[in-house]
> 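First the structure, then my questions, so here it is.
Every chain is numbered from 1, with letters handed out A, B, ... down the list of sequences.
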There are 2 protein chains.
Amino acid sequence: MPKVETFDKVLVLKKATDVFHEKGYNATSMQDLVDATALNRSSIYNSFGSKLDLFLECLKSYQDLYIIKISETMDKADHALHAIELLFEFYLNEILSDNEDKGCLITNCISEMANQETSIINFLSSNQRFFMELLEELVKKGQKESTINRHRTSKEYALYLFSSIQGFRTTGILISNKKDLQTIVKTIIQTLI
Amino acid sequence: MPKVETFDKVLVLKKATDVFHEKGYNATSMQDLVDATALNRSSIYNSFGSKLDLFLECLKSYQDLYIIKISETMDKADHALHAIELLFEFYLNEILSDNEDKGCLITNCISEMANQETSIINFLSSNQRFFMELLEELVKKGQKESTINRHRTSKEYALYLFSSIQGFRTTGILISNKKDLQTIVKTIIQTLI
DNA sequence: ATATATTTGGAACGTTCATTTCAAATAAAT
DNA sequence: ATTTATTTGAAATGAACGTTCCAAATATAT
């Protein structure tokens with residue numbers, strides 16, 4: 001029957017994601033993607049549809065990777081507050097190891113495209129929902145354990161933390177000083193204690 | 001002597017800024033700018049140099065406008081903490097009146113271009129310095145007045161507030177619910193009290 | 001070995017990109 | 001009224017854009 005796809009889709013998505021992450025969606029050209037993936041133009045269009053479709057797949061694979069990393073990170077936590085601390089510590093390390101100041105692909109995407117493409121808006125909404133649920137559950141757990149105060153509801157603290165993460169990821173593009181970043185994290189989390 | 005520039009530079013910059021704000025730098029074409037400003041291509045190049053130069057002028061005029069608005073807003077404050085509350089209230093109103101979910105031109109610019117153009121990096125650095133100094137002075141004043149606690153130094157709180165503002169502006173693209181936004185602001189500020 | 005469905009390479013599609021060019025129009029200074 | 005420096009309009013620049021096309025190559029199933 002047919003000739004089967006020969007390239008490693010995971011690897012190709014990784015390469016494409018790197019380009020989008022470095023340059024942003026609009027500044028990335030199809031030629032950039034051809035060069036980065038070492039795939040032929042037709043193969044890209046055959047396998048992914050369009051530039052926007054490919055970008056959406058990149059966003060999803062980026063998200064999947066992060067959800068795994070975040071889960072692994074938080075599995076090490078002794079309690080809910082500790083899990084939140086580890087989450088921010090994880091982001092801190094992401095910022096410190098991001099030597100090209102690329103920031104977060106998804107946060108950057110909010111800035112660049114949230115008011116333009118509906119497919120992107122849908123992705124960002126589901127991403128937001130995922131994180132809001134994760135954070136709310138964590139806060140709820142922390143409040144049950146009494147490691148997190150009850151000055152606000154778990155939903156309210158989840159909103160605060162979601163916003164804080166966006167800010168941290170954006171600020172991390174400008175600030176690379178570890179002490180400064182640690183200060184920001186400590187101050188964000190202090191509110192919960 | 002020469003024929004003098006006939007167009008209203010302030011108005012032209014405002015029109016150009018609107019386009020950049022709505023679409024972002026890379027998605028904005030020179031044709032978009034010609035259409036929006038009703039200026040001829042040559043006039044734009046004659047008066048502003050290049051697309052990037054024009055964008056930088058837009059960033060600066062946007063910044064100038066905001067600094068004025070923010071000053072006026074905070075002049076109404078009774079004390080330093082109140083000034084910070086008014087600052088966030090100002091941003092909240094900006095978000096609520098931003099029906100196209102454009103976000104903040106400068107915050108968006110961090111995401112889109114901070115790792116690309118050195119002229120942009122310089123602008124963003126000076127913008128950051130300005131806000132950091134403003135916030136640090138406010139916190140210092142608040143701590144002297146005892147409306148802000150001394151759990152952290154003014155510099156540390158300034159970093160926290162700077163990051164919080166970035167987060168609030170980005171989250172405001174996704175969230176338009178007034179109550180949710182108010183919750184975020186209250187929680188951010190609670191830390192200082 | 002042959003048939004078949006798919007991938008691949010490479011050129012080509014028409015459009016749009018940022019920028020330049022240059023003659024014509026213009027308004028101040030003489 | 002003439003000179004002069006500048007702005008303006010409109011077309012043209014070549015390069016790059018995302019996408020399409022199609023013949024050739026290829027790997028599976030028969």
Side-chain angles (χ1 to χ4, degrees), chain A residues 1-59 105 108-109 112-113 116-120 123, chain B residues 1-59 105 108-109 112-113 116-120 123:
Chain A
M1 280 256 261
K3 175 181 176 184
V4 88
E5 215 175 61
T6 60
F7 62 84
D8 180 347
K9 194 162 183 176
V10 175
L11 190 72
V12 164
L13 275 177
K14 167 109 193 61
K15 292 283 182 190
T17 303
D18 286 345
V19 186
F20 281 129
H21 197 177
E22 195 188 313
K23 312 187 95 178
Y25 177 77
N26 284 298
T28 297
S29 71
M30 218 54 204
Q31 189 57 52
D32 290 333
L33 296 165
V34 167
D35 295 342
T37 60
L39 241 58
N40 190 273
R41 289 178 124 67
S42 345
S43 302
I44 296 180
Y45 279 93
N46 248 323
S47 306
F48 299 101
S50 68
K51 184 186 167 189
L52 186 63
D53 290 334
L54 173 55
F55 182 61
L56 272 164
E57 284 223 47
C58 288
L59 279 175
L105 179 66
N108 293 350
C109 180
E112 191 179 3
M113 308 179 76
Q116 317 244 19
E117 290 287 344
T118 56
S119 54
I120 299 284
F123 170 83
Chain B
M1 280 257 258
K3 174 180 177 186
V4 89
E5 215 175 61
T6 59
F7 62 84
D8 181 348
K9 196 163 182 174
V10 175
L11 191 71
V12 163
L13 275 178
K14 166 107 192 65
K15 291 283 182 192
T17 303
D18 286 345
V19 186
F20 280 130
H21 196 177
E22 195 189 315
K23 312 186 95 179
Y25 177 77
N26 284 298
T28 298
S29 71
M30 218 55 203
Q31 188 58 50
D32 291 332
L33 295 165
V34 168
D35 295 342
T37 61
L39 241 58
N40 189 272
R41 291 177 123 66
S42 346
S43 304
I44 296 180
Y45 279 95
N46 250 324
S47 307
F48 299 101
S50 68
K51 183 186 166 188
L52 185 62
D53 291 333
L54 174 56
F55 182 60
L56 272 164
E57 284 222 48
C58 289
L59 279 175
L105 179 65
N108 292 351
C109 180
E112 190 178 4
M113 306 178 78
Q116 317 243 21
E117 290 288 343
T118 56
S119 53
I120 299 284
F123 170 84

> Write down the distance between CD1 (Ile44(B)) and P (dT21(C)), rounded to a whole number of angstrom.
18 Å
> For Ser119(A), what residues pass the side chain to side chain contact (heavy atoms under 4.5 Å, CB included) criterion, not counting sequence neighbours?
Leu52(A), Leu56(A), Glu117(A)
> Which ones in residues 26-42 of chain B lie close to DNA chain D, meaning a heavy atom under 4.0 Å from one of its atoms?
Asn40(B), Arg41(B), Ser42(B)
> Can you sort out the partners of Gln31(A) under side chain to side chain contact (heavy atoms under 4.5 Å, CB included), two or more places apart, ordered by chain and number?
Ser29(A), Val34(A), Asp35(A), Arg41(A)
> Given atom NZ of Lys51(B) and atom C1' of dA16(D), what is their separation to the nearest angstrom?
13 Å
> Side chain of Asn46(A) only, please: which of dT8(C), dT19(C), dT19(D) is the nearest?
dT8(C)
> Tell me, which pairs form a salt bridge (charged side-chain N to carboxylate O under 4.0 Å, His left out) where one or both residues lie in residues 42-55 of chain A, sequence neighbours left out?
none
> Among Phe123(A), Phe20(A), Phe48(A), exactly one meets ring pair (Phe, Tyr, Trp, His ring centres under 6.0 Å) together with Phe55(A). Which residue is that?
Phe20(A)
> Between C1' on dG18(D) and CG on Asp53(A), what's the gap in Å once rounded to a whole number?
13 Å
> Just the rounded figure in Å: distance from P of dA18(C) to NZ of Lys23(B).
10 Å
> Among all residues two or more places apart in sequence or in another chain, which pass the side chain to side chain contact (heavy atoms under 4.5 Å, CB included) test with Lys23(A)?
Val19(A), Ala27(A), Thr28(A), Asp32(A), Gln116(B)
> Please give, in whole Å, the distance from dA18(C) C1' to Phe48(B) CZ?
16 Å
> Tell me, please, which residues at least two apart from Thr17(A) pass side chain to side chain contact (heavy atoms under 4.5 Å, CB included).
Cys58(A), Ser61(A), Tyr62(A), Leu105(A)
